[in-house]
Amino acid sequence: AMVLVVLLASQALAADKDEARRLFQSGLKSMQVNDFSAAADDLERSFALNPTPESLLNLAACYRSMQRYGAALDALKRLRQEFADKLKPDLKSASDKLEGEVQSLVATLVLTVEPPTAEVSIDGRVTLASSGTESYLLSPGDHTVEASLAGYRTLTRSVHLAAGTQTSERLLLEPAPGILIVRSDPSGATVLVDGQARATTPTNPALELAPGKHLIAVRMNGRVPTER
């Protein structure tokens, strides 16, 4: 029974390799007619059945032609990691050349956000940041970056990225102010915050105060002042 299991496993592996080879050839044919979407689908399935550096390199080339630059660089990184000792000189040269081409087409934005738990969006799309500093591959040109977190002021910044370059930005969120509304009877009393006159009652618009403790005083001629 054990021999039978081994034979069956070997037959399955051989069948997988045959199917992977068929998918690989189908992918190459699709690349020749510039159908990169179909080619990528075949090459992904081929690599899943039988991981080879050739299928991964051609998959990266498909991603590049589809303008999926991040996926292309990820595939090339995986190529180096998984086949470092098995990569033939011609494949390594082609990989290095392709990586250089992709890098020249994109810009890298390195964002440092404090507090690191803030939600970050780029051009309206929320990113999946996992730490305070993250790198993003973006198309060259103008982008809008926004960081937000409950209890802090939302920070929005416009950045211009040039192809083939890396730009670093630091987004430091400031605590949101407290809101102070003061009414008195009669109205027209002076409102002092930490000894400084800020408004008269009723406060309209409301006063914005920095987080922390404050001394609030309300005074009017002929009336007993109130402090809190």
Side-chain angles (χ1 to χ4, degrees), residues 63 66-77 99 102-221 223-228:
Y63 289 150
M66 297 166 67
Q67 298 184 353
R68 294 176 57 185
Y69 301 126
L73 292 175
D74 286 343
L76 293 172
K77 180 180 179 180
E99 183 172 9
V102 175
Q103 291 286 9
S104 70
L105 294 171
V106 297
T108 302
L109 176 63
V110 180
L111 281 181
T112 300
V113 182
E114 298 179 19
T117 53
E119 180 179 89
V120 176
S121 66
I122 299 176
D123 300 328
R125 296 182 178 180
V126 177
T127 69
L128 299 178
S130 58
S131 66
T133 299
E134 294 286 339
S135 296
Y136 303 92
L137 286 177
L138 302 172
S139 59
D142 296 320
H143 297 273
T144 300
V145 181
E146 183 176 283
S148 60
L149 181 65
Y152 291 81
R153 290 181 183 270
T154 297
L155 180 59
T156 303
R157 185 173 299 173
S158 296
V159 295
H160 180 79
L161 305 178
T165 65
Q166 177 174 299
T167 301
S168 297
E169 292 285 341
R170 182 170 178 261
L171 304 180
L172 177 59
L173 300 188
E174 297 179 352
I179 303 300
L180 176 66
I181 299 175
V182 182
R183 299 184 178 89
S184 67
D185 184 16
S187 61
T190 300
V191 179
L192 296 92
V193 179
D194 299 327
Q196 295 185 347
R198 293 282 302 273
T200 56
T201 59
T203 51
N204 187 20
L207 297 176
E208 292 187 353
L209 304 182
K213 294 183 178 180
H214 298 276
L215 176 63
I216 309 300
V218 180
R219 297 177 181 176
M220 176 179 276
N221 290 335
R223 303 279 179 168
V224 177
T226 299
E227 292 186 357
R228 289 185 181 178

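The model shown is predicted, which means the values in this text are computed figures rather than measured ones.
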Between R170 and E114, does at least one N-O distance fall below 4.0 Å, as a salt bridge requires? yes

Nearest heavy-atom contact between H143 and D123 is ND1-OD2, 2.6 Å

Excluding sequence neighbours, so at least two apart, what forms side chain to side chain contact (heavy atoms under 4.5 Å, CB included) with A107? L161

According to salt bridge (Lys or Arg N to Asp or Glu O under 4.0 Å), who are the partners of E146, at least two apart in sequence or on a separate chain? none

Nearest heavy-atom pair of D142 and H160: which atoms, and what distance? OD1-ND1, 2.7 Å

So, applying side chain to side chain contact (heavy atoms under 4.5 Å, CB included) with L137, which one of L105, V102, V106 is it? V106

Tell me, yes or no, whether the heavy-atom count around E174 atom CD, taken from other residues, nucleotides or ligands under 6.0 Å, exceeds 12. no

Please list, chain by chain and in numerical order, all residues satisfying side chain to side chain contact (heavy atoms under 4.5 Å, CB included) with S187, sequence neighbours excluded. T201, P202

Closest approach of A163 to P140 (non-hydrogen atoms, all atoms of both residues): CB-CG, 3.5 Å

Report the residues that fulfil side chain to side chain contact (heavy atoms under 4.5 Å, CB included) with I181, sequence neighbours left out, ordered by chain and then residue number. I179, R183, T203, A206

Across all chains, not counting sequence neighbours, the side chain to side chain contact (heavy atoms under 4.5 Å, CB included) partners of R157 are L155, V159, E169, L171

Run the side-chain donor-acceptor check on residues 209-220: report pairs under 3.5 Å with partners two or more places apart or on a different chain.
unit_1: H214; atom_1: ND1; unit_2: D194; atom_2: OD2; d: 2.8
unit_1: H214; atom_1: NE2; unit_2: A210; atom_2: O; d: 2.7

State, to 0.1 Å, how close L173 and A147 come at their nearest heavy-atom pair, and which atoms those are. CD2-O, 3.7 Å

As an exercise, state the distance from CD of Q103 to OG1 of T165, rounded to the nearest 0.5 Å. 11.0 Å

For Y136 against L111, the heavy-atom pair lying closest together: CE1-CD1, 3.8 Å

